[in-house]
Amino acid sequence: MVELIGKTESRWGEGPVWHEEKLLFVDIEGHTIRRLDPGPGDEEVWEIGERVGLVVPRESGGWVYGGDSGLVAYDPNTGKKTPIADPEPDKKPQNRFNDGKIDPQGRLWAGTISTIKETGDAALYCLDTDLSLGLKVPEVTNSNGLAWNAAGDTFFYIDTPTKTVRAFDFDGETGQISNSRVAIDTSPWEGSPDGMCIDENDHLWINFCRGSAVHCFDPVTAKCLETLELPVSGGTSCCFGGPDLEELYITTGRFPNVDEELAGHLFVAEPGVRGTPSQPFRG
């Protein structure tokens, strides 16, 4: 069962990450980064001035966000922005960064989305700790959920329109991926797979946009193990948080043509399993 939490009503909430006992996330269409302290319910908002698809904490301080202008280092105390990399500034002006996540070694994996739905026009990139940017998966359309298993030898990835979760062999030392295969075909479920996270049992929790649900899958058997129904259709992503990582925080967005009272709000559930700790970017 999911419950409403906080007062946030994002136009399109996304990219939740648990950091320093608070929930950090973005409102893509609201052009903001937001932070919720679940205990007292206090919320903070930073105006970014562009669509921002992801935000992650940085080990050296501050955050890194990805949006219309590429990947940017950001100081939330001063508002200072320092551009890091933008792989698609001229040839693909309709693209922007979307979902992203830190791998076990501290690299930032972040993908782009074709906002005009040009098939195969986006890509998945990896920002290494030396701030070099490498192409990892070309010819995607809507780069979304990412996760690594506990052993650190498998990487899971969603390109939303394919309605699949792909698995890759992952070399943590080099950051190389290989042996792409379909781990889960989600086409039997309503909606499209969006953001995801992984729990202590290596099960994947996937928020289905236009599916009004978060589904939990075993990527080894491809079986759906559990479903959390949502009161809105614009599900976007999820992450584990709370003192013992036993709470699942769920972000949502508001479709302009759909009248839903709770669209764009945050939700939380206790699914009876722990998540895995998030890592900061070590670059």
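The analysis underlying the following values was restricted to heavy atoms, covering all of them including side chains, and did not include hydrogens, waters or symmetry mates.
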Please answer: with hydrophobic residues joined when any side-chain heavy atoms are less than 4.5 Å apart, are L262 and L266 in the same cluster?
no

Sort out for me which residue in N142, T115, T160 forms a side-chain hydrogen bond (donor to acceptor under 3.5 Å, both in side chains) with N98.
N142

Mind checking the OG1-CG spacing from T8 to L4? Nearest 0.5 Å is all I need.
9.5 Å

Smallest heavy-atom separation, D202 atom then A150 atom, equals OD1-N, 2.9 Å

When you compare the side chain of D99 with that of L146, does any pair of heavy atoms fall below 4.5 Å?
yes

May I ask you to check whether over 12 heavy atoms, not counting those of N179, lie within 6.0 Å of atom CG?
yes

With sequence neighbours left out, what residues match F208 under ring pair (Phe, Tyr, Trp, His ring centres under 6.0 Å)?
H215

Looking at CZ of F168 and OG of S180, how far apart are the two atoms once the value is rounded to the nearest 0.5 Å?
3.5 Å

Could you verify whether a donor N or O on one side chain and an acceptor N or O on the other, from W12 and D27, lie under 3.5 Å apart?
no

I'd like to know if the side chain of S233 pairs up with that of E260 as donor and acceptor (distance under 3.5 Å, no hydrogens or angles considered).
yes

Between D194 and N207 (side chain of the first, backbone of the second, donor and acceptor by atom type, cut-off under 3.5 Å), is there such a pair?
no

Heavy atoms from other residues, nucleotides or ligands near CD of E21 exceed 12 (cutoff 6.0 Å)
yes

With heavy-atom distances below 4.5 Å as the criterion, would you say the side chains of H31 and V52 are in contact?
no

Scan S278, C239, C197 and name whichever one has a side chain to side chain contact (heavy atoms under 4.5 Å, CB included) with P16.
C239

Step-by-step side-chain contact (heavy atoms from CB on, under 4.5 Å) determination, V72 to T82
CA-CA 6 Å; V72 179; T82 305; 5.6 Å; no

Might you confirm whether atom CD of E200 has over 12 heavy atoms from other residues, nucleotides or ligands at distances under 6.0 Å?
yes

Residues T236, T251; criterion side-chain hydrogen bond (donor to acceptor under 3.5 Å, both in side chains); working and verdict
CA-CA 6 Å; T236 57; T251 52; 2.7 Å; yes

Aromatic plane relationship, F170 with W148 - under 30° parallel, 30 to 60° tilted, over 60° perpendicular
perpendicular

Is there side-chain contact between M196 and F156, with at least one heavy-atom pair below 4.5 Å?
yes

Taking a hydrophobic cluster as the set of Ile, Leu, Val, Met, Phe, Trp and Tyr residues connected by side-chain heavy atoms closer than 4.5 Å, whether directly or through intermediates, do L54 and V17 fall within one such cluster?
no

As a quick check of understanding, evaluate salt bridge (charged side-chain N to carboxylate O under 4.0 Å, His left out) for E50 and R96, giving each step before the final call.
CA-CA 10 Å; E50 64 177 280; R96 62 162 171 79; over 6 Å; no

With sequence neighbours excluded, tell me which residues meet ring pair (Phe, Tyr, Trp, His ring centres under 6.0 Å) with F217.
W189

Can W18 be reached from L24 by stepping across I, L, V, M, F, W or Y side chains whose heavy atoms are under 4.5 Å apart?
no

Side chains of Y249 and F240: does their closest heavy-atom pair fall under 4.5 Å?
no

Check whether any side-chain heavy atom of L204 sits under 4.5 Å from a side-chain heavy atom of I184, and report yes or no.
yes

Is NZ or CZ of R210 both nearer than 6.0 Å to the six-membered ring centre of F255 and within 45° of the ring axis?
yes

Hey, could you give me the NZ/CD distance between K22 and E43, rounded to the nearest 0.5 Å?
11.5 Å

Heavy-atom closest contact (C238 atom, V214 atom, distance):
SG-CG1, 4.4 Å

Rounded to the nearest 0.5 Å, what separation is found between the CG atom of L108 and the OH atom of Y125?
13.0 Å

Taking only Lys NZ, Arg NE, NH1 and NH2, and the carboxylate oxygens of Asp or Glu, determine whether K223 and D218 approach each other closer than 4.0 Å.
no

Mark yes or no for whether T252, through its side chain, and G235, through its backbone, hold a donor-acceptor pair below 3.5 Å.
no

Taking all non-hydrogen atoms of both residues, which atom of C216 and which atom of D199 are closest, and how far apart?
SG-OD2, 4.5 Å

Ignoring hydrogens and angles, tell me if any N or O in the side chain of K81 forms a donor-acceptor pair with the backbone of I48 under 3.5 Å.
yes

When you look at L124 and D159, which way does the side-chain contact (heavy atoms from CB on, under 4.5 Å) test go after all the steps?
CA-CA 9 Å; L124 175 67; D159 176 14; over 6 Å; no

In the structure I gave you, are the side-chain heavy atoms of L71 and L133 within less than 4.5 Å of one another anywhere?
yes

R166 CZ to D185 CG distance, which is reported to the nearest 0.5 Å:
13.0 Å

What's the separation between atom CG in L131 and atom CZ in R107, rounded to the nearest 0.5 Å?
13.5 Å

Could you tell me which non-hydrogen atom of G13 sits nearest to which non-hydrogen atom of S10, and how far apart they are?
N-CB, 3.4 Å

Non-hydrogen side-chain atoms of E44 and R35 separated by less than 4.5 Å:
yes

Begin with the C-alpha distance, continue with both residues' side-chain angles, and end with the deciding distance and a verdict on salt bridge (charged side-chain N to carboxylate O under 4.0 Å, His left out) for D169 and R181.
CA-CA 9 Å; D169 293 343; R181 65 268 189 195; 2.9 Å; yes

Say whether, by atom type as modelled, one donor and one acceptor occur between the side chain of R34 and the main chain of V45 under 3.5 angstrom.
no

Side chains of S143 and Y157: is there a donor and an acceptor less than 3.5 Å apart?
yes

Before giving the answer on side-chain hydrogen bond (donor to acceptor under 3.5 Å, both in side chains), spell out for E229 and S212 the whole-Å C-alpha distance, their side-chain angles and the decisive distance to 0.1 Å.
CA-CA 6 Å; E229 295 184 358; S212 300; over 6 Å; no

Applying a strict under-4.5 Å side-chain criterion to I, L, V, M, F, W and Y, I'd like to know whether I198 and V165 cluster together.
yes

For V268, run the side chain to side chain contact (heavy atoms under 4.5 Å, CB included) check against L36, V2, I250, I5 and tell me which one passes.
I5

Are V220 and H203 close enough that some pair of their side-chain heavy atoms sits under 4.5 Å apart?
no

Heavy atoms only: give me the nearest K163-S192 pair and the separation to one decimal.
CE-OG, 3.5 Å

Yes or no on side-chain contact (heavy atoms from CB on, under 4.5 Å) for T112 and E88, after CA distance, side-chain angles and deciding distance?
CA-CA 9 Å; T112 56; E88 304 173 358; 3.2 Å; yes

Determine whether I206 and F267 fall in the same hydrophobic cluster, where Ile, Leu, Val, Met, Phe, Trp and Tyr are linked whenever their side-chain heavy atoms lie under 4.5 Å apart.
no

Ring geometry between W63 and W46 (parallel below 30°, tilted from 30 to 60°, perpendicular above 60°)
perpendicular

Could you please spell out the steps behind the side-chain contact (heavy atoms from CB on, under 4.5 Å) verdict for E59 and T129?
CA-CA 11 Å; E59 190 173 63; T129 55; over 6 Å; no

State whether a side-chain donor-acceptor pair under 3.5 Å links Q176 with D171.
no

Of all the heavy-atom pairs spanning L228 and A269, show the shortest one and how long it is.
CD1-CB, 3.9 Å

